[in-house]
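Data first, discussion second: the structure below is written as structure tokens.
Letters go in sequence order (proteins before strands), and every chain restarts at 1.
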Amino acid sequence: MSNSLKTANPAVVVRFAPSPTGYLHIGGARTALFNWLYARAKGGKFLLRIEDTDRARHTPEAVTAIIDGLKWLELDWDGEPFSQFANAERHREAAEAMLANGTAYKCYLSKDELDAMRTTAEAEKRRFIIDSPWRDRDPAQAPANTPFVVRLKSPTDGETLVADKAQGDVSFPNADLDDLILLRSDGSPTYNLAVVVDDHDMDVTHVVRGVDHLTNAARQSQIYQALGWDVPVWVHVPLIHGPDGAKLSKRHGALGIEAYRADGFLPEALRNYLVRLGWSHGDDEIIPTIQLIEWFDFDGVGKSPARFDVAKLTDLNGHYIRHADDAELVRRCRDIMELPEYEGGVALLAKLDAGVEEKLLASMPGLKERAKTLIALIDSAAYLFAERPLTFDKKADKLLDETAKADLKSLSDRLEALDTWTPEALEEAVRTFAEETDLKLGKIAQPLRAALTGTSVSPPVFDVMAVLGRDEALARLKDQSA
RNA sequence: GGUCCCUUCGUCUAGUGGUUAGGACGCCAGAUUUUCAUUCUGGAAACAGGAGUUCAAUUCUCCUAGGGAUCGCCA
């Protein structure tokens, strides 16, 4: 990771700054998407910064998971990812500067003392605001060899305004914003300091993140002021809740983004779904990314939280699958089979030789029309992977009764004499057969489908027969002929 | 509890001081169809409650209720 924070300073610089404590969850993904969209819409830069200041909670696996998630979602960032930890020295310098200009002070209150104060305040149902005796004490009185933290000397009266593009003007009474810690007693910088220094050094122009950071914006504004720096444009977007309206937490099915990949969702569909959670453009629902980039701006961002609805995501996914390129879908099916989460994927992969792949591609127009996820698509293509003798599901089994098998026998004899093995020729032959034997087409088509695929549902049977090829199709029919 | 935010069909949302309050998903019914799906048509379904401003409020103001966020030497 890079430690050089300076950028070319274009008009718009945004960043996605996840803390690497777990996978990339759906809310983080949307925040990243909004940032990315805005940067691409405005011709700006989209930076990635890993907030790994807390060494204890930071894991390399989480960094990998986040990066993989972003890559899969196709949200490409500019330059190398930044490591916040790598910039700790700069953060300390900023704190020193604040100490020097009197906007920060050394506080010798111990953590235990503070905890005790907090507990009593809570017990007395009093709100607890840190009021350090060291705030205005002469530094000369400082005890020797005693650990201290550096705190922000934040204003005690008046209010701090956060002029937010999504939330509007929100002001906080300064009396409620206490002297937050800038540098811990071990000299390491805390989140709020690090964010301000990094965003400033990276020339970030717009800070786009979840509303859960709104009060941080007020605190950070005070740090910016103390440092004499310009405050960036704030954009705090509403949160995404679980289907039950509660906060989307790990316990509430806040799946990592990779879970959606494993479930067979397309990144384009997920982007489309996610952007509509908290952002709108009139009545538009299906918005390809290219159009999103043209339209996206913060004036379309709402304020109320949204619930995650898989049904709608699924519908959108079906749309994107239907409209996807056939070869691309084949490639994506293969990708999914390679995923360790996909049970049976290896087995399928083993069968997916050039021949099967060709059949899969040829069947794709019929297959993709019927599937809402890649997983469902692969499942529905099982008959292409199957080897004789086929196994039959319950409905197929029922379709293949004695009369059906007898019909299949005469039909397959007829088909065997056919010179051309195309869907059209096949259909004509079967229709003629149905007419001659006084059968409704469905009466013969369903057993045919069952014999060919082992199920009662498939793309049009004549297409299935054509793709399977004369020999295989006839063999499967013979297997079920009485 | 303090501070801050939110509230239009079940869900995501559009919308305006005067609309039959629109769209999408889901649901129901029908059409098309060799199955399923697609597609098409139709239907049920919402302005949280109260007060005020106004000729007129879903829209503006206030209050109430409900929901959410945040209050760490976490990020």
Side-chain angles (χ1 to χ4, degrees), chain A residues 17-21 51-54 56-58 84 107 109-111 114-115 118 121-122 125-130 147-151 162 164 167-168 170-173 175-178 180-186 188-192 194-195 210-216 218-219 236 238-239 241 243 245-247 273 276-286 302-316 318-319 322 366-372 376 380 395 399 427 430-431 434 440-446 448-450 453 455-462:
Chain A
S19 60
T21 48
E51 312 255 299
D52 50 0
T53 300
D54 185 346
R57 293 222 265 161
H58 148 267
Q84 184 158 70
C107 174
L109 247 28
S110 77
K111 194 174 190 305
L114 240 23
D115 285 346
R118 209 186 317 269
E122 261 170 42
K125 293 210 156 189
R126 245 181 30 237
R127 65 188 179 133
F128 175 68
I129 294 285
I130 288 162
F148 61 88
V149 299
V150 175
R151 306 189 96 104
V162 176
D164 192 280
Q167 302 294 320
V170 183
S171 43
F172 298 86
D176 288 318
L177 269 18
D178 55 14
L180 80 216
I181 291 175
L182 266 12
L183 249 35
R184 300 185 184 95
S185 46
D186 65 359
S188 66
T190 58
Y191 169 75
N192 279 299
V195 166
V211 260
D212 49 335
H213 283 282
L214 196 60
T215 44
N216 282 333
R219 295 181 176 284
H236 288 91
L239 302 180
H241 290 163
K247 188 186 179 184
Y273 177 69
R276 288 285 293 99
L277 255 31
W279 178 85
S280 63
H281 183 272
D283 280 340
D284 295 298
E285 294 287 348
I286 292 172
K303 288 209 232 179
S304 40
R307 298 187 189 199
F308 193 84
D309 180 20
V310 201
K312 189 154 184 176
L313 202 213
T314 304
D315 175 72
L316 231 24
H319 173 270
R322 287 195 293 281
L367 254 18
K368 70 182 181 185
E369 193 78 6
R370 277 153 253 270
K372 294 197 190 288
S380 73
K395 284 181 183 169
L399 281 167
E427 175 162 3
V430 174
R431 278 188 191 276
K440 288 186 80 173
L441 185 56
K443 208 63 187 159
I444 187 67
Q446 277 305 82
L448 196 50
R449 188 188 318 278
T453 69
T455 72
S456 60
V457 177
S458 83
V461 257
F462 309 117

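For A/Val149, the listed nucleotide lying nearest its side chain is B/rC73; candidates were B/rC73, B/rA75, B/rU70. For A/Asp212, whose side chain is taken as the heavy atoms from C-beta onward, the closest listed nucleotide among B/rA75, B/rC4, B/rA69 is B/rA69. Of the candidates B/rA69, B/rG26, B/rA75, B/rG26 carries the atom nearest the A/Ala311 side chain, counting heavy atoms from C-beta on.
Among the protein residues, A/Asp178 comes within range of no part of the nucleic acid, since none of its heavy atoms lies under 4.0 Å from any strand. As judged by a 4.0 angstrom heavy-atom cut-off over every strand, A/Ser171 is placed among residues touching the sugar-phosphate backbone only. Residue A/Leu367 is out of contact with every strand shown, counting any heavy-atom pair closer than 4.0 Å. At the heavy-atom level, A/Thr53 lies under 4.0 Å from the strands shown only through sugar-phosphate atoms.
As rounded to whole Å, 19 Å separates atom P of B/rG72 from atom CG of A/Asp186. Here the C1' atom of nucleotide B/rG68 and the NE2 atom of A/His213 are 15 Å apart, to the nearest Å. What separates CG of A/Leu239 from P of B/rG67 is a distance of 17 Å, to the nearest Å. In this structure, the OH atom of A/Tyr191 is 14 Å from the C1' atom of B/rG72, given to the nearest Å. Distance A/Asp115 CG to B/rC73 C1': 10 Å, rounded to the nearest Å. Per the geometry, CZ belonging to A/Arg219 stands 15 Å off P belonging to B/rU3, to the nearest Å. Between A/His236 atom NE2 and B/rA69 atom P the separation is 15 Å, expressed in whole Å. Note: CG (A/Leu180) to P (B/rC71) measures 11 Å, nearest angstrom.
Nucleotide B/rU3 forms a pair with B/rA69, judged by Watson-Crick or G-U wobble geometry with both contacts under 3.5 Å. Across all strands shown, B/rC27 forms a Watson-Crick or G-U wobble pair, both distances under 3.5 Å, with B/rG43. Under the Watson-Crick and G-U wobble criteria, each requiring two contacts below 3.5 Å, nucleotide B/rC62 is paired to B/rG50. When both pairing distances are held under 3.5 Å, B/rC9 makes no Watson-Crick or G-U pair with any nucleotide shown.
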### Message
Could you go through A/Leu214 and A/Val170, starting from their C-alpha distance and side-chain angles, then the distance that decides it, and tell me whether this counts as side chain to side chain contact (heavy atoms under 4.5 Å, CB included)?
### Response
CA-CA 9 Å; A/Leu214 196 60; A/Val170 183; 4.2 Å; yes
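Comparing B/rC62 with B/rU53, their P atoms sit 15 Å apart, to the nearest whole Å. Rounded to whole Å, the separation between the C1' atoms of B/rU8 and B/rA24 comes to 15 Å. For the C1' atoms, the distance from B/rC25 to B/rA44 is 15 Å, rounded to whole Å. Using P as the reference atom, B/rG26 and B/rU20 are 30 Å apart when rounded to the nearest Å. Taking the C1' atom of each, B/rG23 and B/rG18 are spaced 22 Å apart, rounded to whole Å. A distance of about 28 Å separates the C1' atoms of B/rC47 and B/rA29, rounded to the whole Å. Annotation: B/rC6 and B/rU13 have their P atoms spaced 14 Å apart (nearest Å). Here, B/rG68 and B/rA31 have their C1' atoms 45 Å apart, quoted to the whole Å.
Under the rule for a side chain to side chain contact (heavy atoms under 4.5 Å, CB included), A/Val457 has no partner lying at least two apart in sequence or in another chain. Every residue two or more places apart in sequence or in another chain that forms a side chain to side chain contact (heavy atoms under 4.5 Å, CB included) with A/Ser458 is listed here: A/Arg449, A/Thr453, A/Val464. Every residue was checked against the salt bridge (Lys or Arg N to Asp or Glu O under 4.0 Å) condition with A/Arg151, not counting sequence neighbours, and none meets it. Under the salt bridge (Lys or Arg N to Asp or Glu O under 4.0 Å) criterion, A/Glu427 pairs with A/Arg431, not counting sequence neighbours. For A/Lys440, there are no salt bridge (Lys or Arg N to Asp or Glu O under 4.0 Å) partners, not counting sequence neighbours. Under the salt bridge (Lys or Arg N to Asp or Glu O under 4.0 Å) criterion, A/Arg322 pairs with no residue at all, not counting sequence neighbours. Remark: A/Tyr191 pairs with A/Glu51, A/Val195, A/Arg209, A/His213, A/Asn216, A/Gln220 by the side chain to side chain contact (heavy atoms under 4.5 Å, CB included) rule, at least two apart or across chains. Residues meeting the side chain to side chain contact (heavy atoms under 4.5 Å, CB included) test with A/Asp283, sequence neighbours left out: none.
Using a 4.5 Å cut-off on side-chain heavy atoms (C-beta onward), A/Val430 and A/Leu441 make contact. The shortest side-chain heavy-atom distance between A/His319 and A/Ile286 falls under the 4.5 Å cut-off. Between A/Gln446 and A/Lys395, the closest side-chain pair of non-hydrogen atoms is not below 4.5 Å.
A donor-acceptor pair shorter than 3.5 Å can be found between the side chains of A/Asp186 and A/Ser188.
Applying the 3.5 Å distance criterion, the base of B/rA75 shares a donor-acceptor pair with the side chain of A/Asn216.
Within the structure, no pair that satisfies the salt bridge (Lys or Arg N to Asp or Glu O under 4.0 Å) test touches residues 302-311 of chain A, not counting sequence neighbours.
Between A/Ser188 and A/Pro173, it is A/Pro173 whose nearest contact on RNA chain B lies nearer the 5' terminus. When each of A/Cys107 and A/Thr215 is assigned the nucleotide of RNA chain B with its nearest heavy atom, A/Thr215 is the one assigned upstream, toward the 5' end.
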### Message
What does the B/S/- profile of nucleotides 7-15 of chain B look like, 5' to 3', with a 4.0 Å heavy-atom cutoff to protein?
### Response
S---SBSS-
### Contact state string [nucleotides 29-47 of chain B, B base, S sugar-phosphate only, - no protein heavy atom under 4.0 Å]
-----BBBBSS--------
Pairwise N/O distances under 3.5 Å, protein to nucleotides 58-64 of chain B:
none

